[in-house]
Amino acid sequence: MKKLFADEIYDILEYQDGFILVYRRSEVQDRIVVSYKSVQLDNGTVVQRTRSDYNYIKFGEVDPTDGMLPSEAITCSSAKLDNGSLFVVTKNGNAKILDSNGDLEWQGTIKYKECGPASIAHNGHTLWASFPERNALIRFNLHTMREELRIGGSNDSSFSGPKGLWINEAENLLVVCNSKANNILEVNMKTYTVHERAAFDEPVHKYLRIGKKELVVLDSGLYLL
């Protein structure tokens, strides 16, 4: 692996031929100060970005952050749906769907045993969500907003603190950052079998593939696999 950044990373998103990330810059009077940066993987160009840049890349033309704390805009999970709508859910499970004009289509909660999700991933008419406190993945039906499938959640679960999710559509795989087990798992979305993809010496929080390049966020920073 090659370390790209040693800073504490709070979020990373695909952006053009690279990524934009939110990282810890400093701490002032017990308050964390964050910065935004984009990186082009082909030539290594690094550009400082603004919070507005980050919000636009994460949410698009629709800005769902009205009423959110600045930290919630970073920690919330979002997914752009096939019809152009935007699904957003905060860490406490408060969720909403906004259409392309920013109008509210649906509002409710996405929870499992009183816990909100760490990450979501959209696949067709379904939405996958990870629940690290409950060691579970749940698939919700976007038409009914009801749970239709759960994997894990028991004492013998394959998951231990599942967080970041990423979908490999070509191979029909759901990639799961299994943070407490220090590994990445792949879930076959047809057979629901689970296999280990990679293992590390520390917790893994996020995974992103850009072209053929794979990125992971560990406790110690951002790495290129």
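This one's a predicted model, so the numbers in the text were calculated from it and none came from an experiment.
A salt bridge is absent between Arg25 and Asp7; no separation between the charged side-chain nitrogens and carboxylate oxygens falls under 4.0 Å. For Arg197 and Glu214, the salt-bridge test passes: some basic side-chain N is under 4.0 Å from an acidic carboxylate O.
Residues in residues 158-183 take part in these ring pair (Phe, Tyr, Trp, His ring centres under 6.0 Å) pairs, two or more places apart or across chains: Trp166-Tyr207.
For the residue pair Gln40/Asp17, the side-chain donor-acceptor check at 3.5 Å is not satisfied. For the residue pair Tyr56 and Asp63, no side-chain donor N or O sits within less than 3.5 Å of a side-chain acceptor on the partner. There is no side-chain donor-acceptor pair under 3.5 Å between Thr126 and Arg139. Neither side chain, Asn55 nor Ser52, offers a donor N or O lying under 3.5 Å from an acceptor on the other. A donor-acceptor pair shorter than 3.5 Å cannot be found between the side chains of Glu133 and Tyr112. Between the side chains of Glu61 and Ser100, no donor-acceptor pair of N or O atoms lies under 3.5 Å.
Listed by chain and number, the residues in a side-chain contact (heavy atoms from CB on, under 4.5 Å) with Asp82 are His122 (sequence neighbours excluded). Scanning for side-chain contact (heavy atoms from CB on, under 4.5 Å) contacts around Asp103 gives Asp99, Asn101, with sequence neighbours left out.
With a 6.0 Å radius and a threshold of 12 heavy atoms from other residues, nucleotides or ligands, Gln48 has its CD atom above the threshold.
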